[in-house]
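Structure first, commentary second.
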There are 2 protein chains.
Amino acid sequence: MTTSPSRAETGTLMPAPMAFLLSQLGFHAAQVFAERLMPLGLQPRHFGLLAHLAEGEGRSQQQLADALAIHRNVMVGLVDDMEGRGLVERRRHPSDRRAHAVFLTAPARALLAEARRIAAEYELELLTPLEDSDRTALMALLQRLARHAGLNPDIHPGLQTANHPRGARRVAESRA
Amino acid sequence: MTTSPSRAETGTLMPAPMAFLLSQLGFHAAQVFAERLMPLGLQPRHFGLLAHLAEGEGRSQQQLADALAIHRNVMVGLVDDMEGRGLVERRRHPSDRRAHAVFLTAPARALLAEARRIAAEYELELLTPLEDSDRTALMALLQRLARHAGLNPDIHPGLQTANHPRGARRVAESRA
DNA sequence: TATTGTTATACTCTATAACTATA
DNA sequence: TATAGTTATAGAGTATAACAATA
């Protein structure tokens, strides 16, 4: 082979090196996290729902969907899945007979704890090359960017399933 | 409403605040970039291919697929699409009659220039809250993380289409 | 009339495997 | 026998719209 004049945009040639690097790292982190979660039978969206419920149970599916920016139609399947595995329970909503009140089960709490352990473990690996002062500095810088970008701490853009008035999503293909 | 004991994991409660924030920002940046590219009729993958070809034309589809970590089957459709829009040309490969040599067209160069302008513009917006010294520091920190994570400057994980022996991808759903 | 949960349908995207023509 | 490009098929995931029950 040896035909590799490749090794293109190594940073300097990119018009948006920071955005690209940020995006690369962000997708990579999400990918690794998802892989490590797999042995638990969980996907990031499951983790997101569990973590959110742990902060306050009894919410309706619509409330959960809004909070995580997942479409309610998708939330149905997500709750179906987790209820089938005995991780959440649908109970009667105290004030709205149309809605369900979603609760965690004991096994779900144990599973969430384990998932959090895995997340913390990966966090350490990811940050290995940085000393404490660097980590603090990086965190502060990223938070400033996140704040300016208007990011909501509860919402991960990778889990969004459109709808929520949040900007176009349609893709421009000129294929067929 | 006012029923929002929500506002959960605001950073301190997260087991992996840096990884989560990084991922949030990375997905957000990719999302905004994709939206801004849409008016040009381009998706990030189109931009990736154009940018890569601009660094060296005449490569085979397989070489391009390897370089960008896109599956060759997907590369076919991508090149089909772009060829149909007059952005790339498939010519005879000088040394391998099985392969095509892919080249950019003049309109593609103009389009790539415009896309780069858009990218540079977004980069500035994203980095608005940081002064120059902060930007330099952030860039350095992210590069250290990227290097440690083994990221390839040419490959964006969000464009990967599996196959390439790069680790599992299968998802564990226990639905049906 | 609007909203919650649900379901059905169409559509997009991807994975996988196969095939051909070359190597 | 292996590889480049291509195509076909099936599957996962999503968007959209509709519906019944309730607000």
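Keep in mind that the numbers below use all heavy atoms, side chains included, and drop hydrogens, waters and symmetry copies. Lettering of chains follows the sequences in order, A, B, ..., and the numbering in each one begins at 1.
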In plain terms, say whether Arg135(B) and Glu131(B) are close enough for a salt bridge, that is, a side-chain N and a carboxylate O under 4.0 Å apart. no

Rounded to whole angstrom units, what separation is found between the CZ atom of Arg59(B) and the P atom of dA4(D)? 15 Å

Presence of salt bridge, Glu57(B) and Arg91(B), under 4.0 angstrom: no

Please check: side-chain N/O of Arg144(A) versus main-chain N/O of Pro129(B), any donor-acceptor pairing under 3.5 Å? yes

If you define the side chain from C-beta out and look only at heavy atoms, does anything of Leu49(B) sit under 4.5 Å from Ile70(B)? no

For the pair made of CG in Leu78(B) and C1' in dT6(D), what is the distance, rounded to whole Å? 15 Å

Atom pair distance, as rounded to whole Å: CG in Asp66(B) and C1' in dA4(D): 11 Å

Let's see if you can work this out: which of dT4(C), dG13(D), dG5(D) has an atom nearest to the side-chain heavy atoms of Gln43(A)? dG13(D)

Considering only side-chain heavy atoms of Gln61(B), which listed nucleotide, dT6(D), dT16(C), dT4(C), is closest? dT6(D)

With a 3.5 Å cut-off and heavy atoms only, can you find an N or O donor on one side and an acceptor on the other between the side chain of Asn73(B) and the base of dT16(C)? yes

Check every strand shown and say whether His100(B) touches a base, only sugar-phosphate, or nothing at a heavy-atom separation below 4.0 Å. sugar-phosphate

Using atom CD of Gln63(B) as one end and atom P of dT3(D) as the other, report the distance to the nearest whole Å. 14 Å

Just the rounded figure in Å: distance from P of dT22(C) to CZ of Arg92(B). 10 Å

If I take atom CE in residue Met75(A) and atom P in nucleotide dT3(C), what distance separates them, rounded to the nearest angstrom? 18 Å

Do Met82(B) and His46(B) have side chains that approach each other closer than 4.5 Å (heavy atoms only, starting at C-beta)? yes

What are the two closest non-hydrogen atoms of Leu42(A) and Leu87(A), and how far apart are they? CD2-CD1, 4.4 Å

Could you run down the sub-3.5 Å N/O contacts of the protein with nucleotides 21-23 of chain D?
| residue | atom | partner | partner atom | Å |
| --- | --- | --- | --- | --- |
| dA23(D) | OP1 | Arg97(A) | N | 3.0 |

Could you state the NE2-C1' distance from His71(B) to dA18(C), rounded to the nearest angstrom? 12 Å

For Arg72(B) and dA17(C), what is the distance between atoms CZ and P respectively, to the nearest whole Å? 12 Å

Residues two or more places apart in sequence or in another chain: which of them pass ring pair (Phe, Tyr, Trp, His ring centres under 6.0 Å) with His156(B)? Phe20(A), Phe27(A)

For dT6(D), does either OP1 or OP2 sit under 4.0 Å from a side-chain N or O belonging to Arg90(B)? yes

Where the side chain of Ala99(A) is concerned, which of dT14(C), dT4(C), dA4(D) is the nearest nucleotide? dT4(C)

